[in-house]
Amino acid sequence: MSFPLLTATAALPALGAIATAAVPAARRTAAKWLALVVSLATLVLAAIVLVRFEPGGDRYQLTESHAWIKDFGVRYELGVDGIAVAMLALTALLIPFVILAGWHDADPLETKSSRWRPTQGFFAMILAVEAMVILSFEATDVFLFYILFEAMLIPMYFLIGGFGDRAHSGTDENAAAQRSYAAVKFLLYNLVGGLIMLAAVIGLYVVAGSFSLTEIADARASGQLDMATSTERLLFLGFFFAFAVKAPLWPLHTWLPNAMGEATAPVAVLITAVVDKVGTFAMLRFCLQLFPEASKWATPVILVLALISIVYGALLAVGQRDIKRLVAYASISHFGFIILGIFAMTSQGQSGATLYMVNHGISTAALMLVAGFLISRRGSRLIADYGGVQKVAPVLAGTFLIGGLATLSLPGLAPFVSEFLVLVGTYSRYPVAGIIATFGIVLAALYTLVLYQRTMTGPVKAEVSKMPDLRARELAVVAPLIALLIFLGVFPKPLTDIINPAVEQTMSDVQQKDPQPTVPIQKAEAAK
């Protein structure tokens, strides 16, 4: 039996979480270093997966399959395609930065409502989330995926509610109440989506007689499994609803601004750059592959919801006074682009959407973590409390600007390539939707540049006049992310080579081909 590499990639952070939680209370620093070392070792394993994956090989590689709950036909089945490999690499890459950025976020406080802040628990739960997210990207058994999809909510609930942002304008009791509200809202929204998905998972088993994604997909492709149209559509809606809550897609998005606003900046990155990606990833892996006809049937409505998310999220970001909530609404807009690309049903759109998931994770991490460093210095999340920061902390302001420019998809930075592919892929099949989506770019430029202008330029406010610049630990967090944004902005080929074959197989699942070019020069090139 070959070495179970996929299991090891998820098991290492899981075991690391247990070990970190078991560190004695007086050894907080040791717990931090243990968590960081485990996350770096997981990154090494993810890199090995990336190297061993063959883009032109079998659809699912490094597969593992073992009997688990025989009476219910549940198996422990793992496998990765190009899309899963990209998401696995993103998750393993971001977690060390999340841990390093949150190095002091769980240090004990003396205030009454914040006595329960065990440092070990904070870092252990981050590793636990990493383990479950990685395994959810690897799972090819639908029931196994569902368990992971729901289980990751538990540590996230405690990370939001128990370790919230210390920069709060109200009283300490009010801050605790706001954190509790945000955590409960996050949990309830996602639990409702998960319960609906559970009904669909059970219905799928009744119809197909299996939880195995590959078995069901093969049976559908060969004609051995023929779902009734109404049944397929109901099952699709059950799955899609849960993924749309996680994504989040308008109008199921309202939990995200609360969660990101009240969480620490590293946990906010964990939410939007890591956990939420499970929703959009699952749309590609499960919705399109298991329910191709229902996916095409629902496409017009989903495209409308995606367009609303793009414009609505951007408009609300423009009007925000809170830095972290601004980033949250910007993320809602970006998730609209991702979902638009997925359901445009073109290879360019889906390649762009997958690339967007990776690039959005990196750019949002860079912007939110720098914003977190800024907020920790001033003790306020309000934009109006800043001004002239670039004169006293030029490195902080410069990195904040690059993160913001990546958010608005400036050419030369990674998100531009993915957003361009989404728009081109959408326009080729749905021109009106492509045109409407471009308004999101204009609004992104508005909320990003206005944010920078109000916080970093102008007269230096007295409260920021002695603000220190980025320290060595903070530079170690931000510099690699910015380097990646630039590298993938000018040379995205390493990622697209991995993603494109998987996208072609997904397009085959839904029996869709790219629209024929309408411009004469494009026709000539296509003929060649």
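What you see below is based on every heavy atom in this structure, not just the backbone, and it leaves out hydrogens, waters and symmetry mates.
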Find the distance between OH (Tyr76) and CG (Leu135) and round it off to the nearest 0.5 Å. 5.0 Å
I want to check something: taking the side chain as every heavy atom from C-beta on, are Val327 and Thr272 in contact at a cut-off of under 4.5 Å? no
Is the shortest side-chain heavy-atom distance between Thr119 and Val23 below 4.5 Å? no
Less than 6.0 Å separating the ring centroids of Phe239 and Phe145? no
Kindly say whether Met345 contributes a backbone atom to a donor-acceptor pair with the side chain of Arg429 at under 3.5 angstrom? yes
Is any side-chain N of the basic residue among Arg285 and Asp81 closer than 4.0 Å to the acidic one's carboxylate O? yes
With distance as the sole test, does Ser351 use its side chain to make a donor-acceptor pair with the main-chain N or O of Asn500 at under 3.5 Å? no
For a quick test of reading the model, state the closest non-hydrogen atom pair linking Leu485 to Ala406 and the distance between them. CD1-CB, 3.8 Å
Looking at Thr426 and Leu423, would you say the former's side chain and the latter's main chain have a donor-acceptor pair under 3.5 Å? no
Does the side chain of Phe241 come within less than 4.5 Å of Leu252's, by heavy atoms? yes
Give the ring-plane orientation class for Tyr356 versus His334, where under 30° counts as parallel, over 60° as perpendicular and anything between as tilted. tilted
Has Lys324 got a side-chain atom pairing as donor or acceptor with Ala268's backbone, closer than 3.5 angstrom? no
Taken to the nearest 0.5 Å, the spacing of Leu355 CG from Phe420 CZ works out to 13.0 Å
Main chain of Lys277, side chain of Lys246: is a donor-acceptor contact present, judged purely on distance under 3.5 Å? no
Thr364 side-chain N/O to Gly361 backbone N/O, donor-acceptor pair under 3.5 Å: no
Are any non-hydrogen side-chain atoms of Phe137 and Val80 less than 4.5 angstrom apart? no
Nearest-0.5 Å distance, CZ of residue Phe53 to CD1 of residue Ile498: 7.0 Å
Would you indicate whether the side-chain heavy atoms of Leu191 and Glu150 approach each other to under 4.5 Å? yes
Would you mind reporting whether Leu93 and Leu484 have side-chain heavy atoms less than 4.5 Å apart? yes
Check whether any side-chain heavy atom of Glu293 sits under 4.5 Å from a side-chain heavy atom of Phe236, and report yes or no. no
So do the side chains of Leu256 and Asp276 get within less than 4.5 Å of each other, counting heavy atoms only? yes
So how far is it from Leu78 CG to Glu64 CD, rounded to the nearest 0.5 Å? 5.0 Å
Check the orientation of Phe143 and Phe211. Use parallel for under 30°, tilted for 30 to 60°, and perpendicular for over 60°. tilted
Only counting residues at least two apart or in another chain, list the ones meeting side-chain hydrogen bond (donor to acceptor under 3.5 Å, both in side chains) with Thr140. none
Taking the side chain from Gln350 and the backbone from Ile342, do they hold a donor-acceptor pair closer than 3.5 Å? yes
When you measure from the side chain of Trp250 to the backbone of Gly336, do you find a donor-acceptor pair of N or O atoms at a distance under 3.5 Å? no
Salt-bridge criterion met for Arg220 and Glu232 (N-O under 4.0 Å): yes
Donor-acceptor contact below 3.5 Å, side chain Thr506 vs main chain Ala502: yes
Asp509 side chain to Leu288 main-chain N or O, any donor-acceptor pair under 3.5 Å? no
Which one of Phe291, Trp297, Phe343 satisfies the ring pair (Phe, Tyr, Trp, His ring centres under 6.0 Å) criterion with Phe240? Phe343
Find the distance between OG1 (Thr354) and CD1 (Ile83) and round it off to the nearest 0.5 Å. 4.0 Å
How many angstroms lie between atom CZ of Arg28 and atom CD of Gln120, to the nearest 0.5 angstrom? 7.5 Å
Donor-acceptor pair between Glu130 and Ser39 side chains, under 3.5 angstrom: no
